[in-house]
Amino acid sequence: MHPFTPDEEQRLLQELAGGAEARCPRCQGALERTDVPPRKDVPYVRDRVWVLCSRCGGSTVVDRHKME
């Protein structure tokens, strides 16, 4: 897996927030989403989504509220 650059992540977040079916900002491949539920063993609560490109392996984890 290869993390997206900050610019790639920003473009991805803009697409997700706009309601469009987001494509990989690096290669335009299909993106897989995996929920990362909040953990009870940490003092803060985050509801996150792991986004992974099935073609180039680009990935990031984003807070769900940033996608809305």
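Along the sequence shown, residues carry numbers from 1.
In terms of heavy atoms, E32 sits closest to S54 at OE2-CB, 3.3 Å. Residues C53 and G29 approach most closely at SG-CA, 4.1 Å, considering heavy atoms.
One distance of note links CG of L12 with CZ of R26; it measures 11.0 Å at 0.5 Å rounding.
A heavy-atom distance below 4.5 Å is not found between the side chains of V61 and V51. In this structure, L16 and R33 have side chains that are in contact, with non-hydrogen atoms separated by less than 4.5 Å.
Checked by atom type and distance alone, the side chain of E15 pairs as donor or acceptor with a backbone atom of R23 at under 3.5 Å. A donor-acceptor pair is defined here as one N or O able to donate and one able to accept, closer than 3.5 Å; no such pair exists between the side chain of E9 and the backbone of T5.
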Review point. Run the side-chain contact (heavy atoms from CB on, under 4.5 Å) check on V49 and D35 step by step: do they pass?
Key: CA-CA 5 Å; V49 177; D35 291 334; 4.0 Å; yes
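By the side chain to side chain contact (heavy atoms under 4.5 Å, CB included) test, S59 pairs with M1, W50, L52, sequence neighbours left out.
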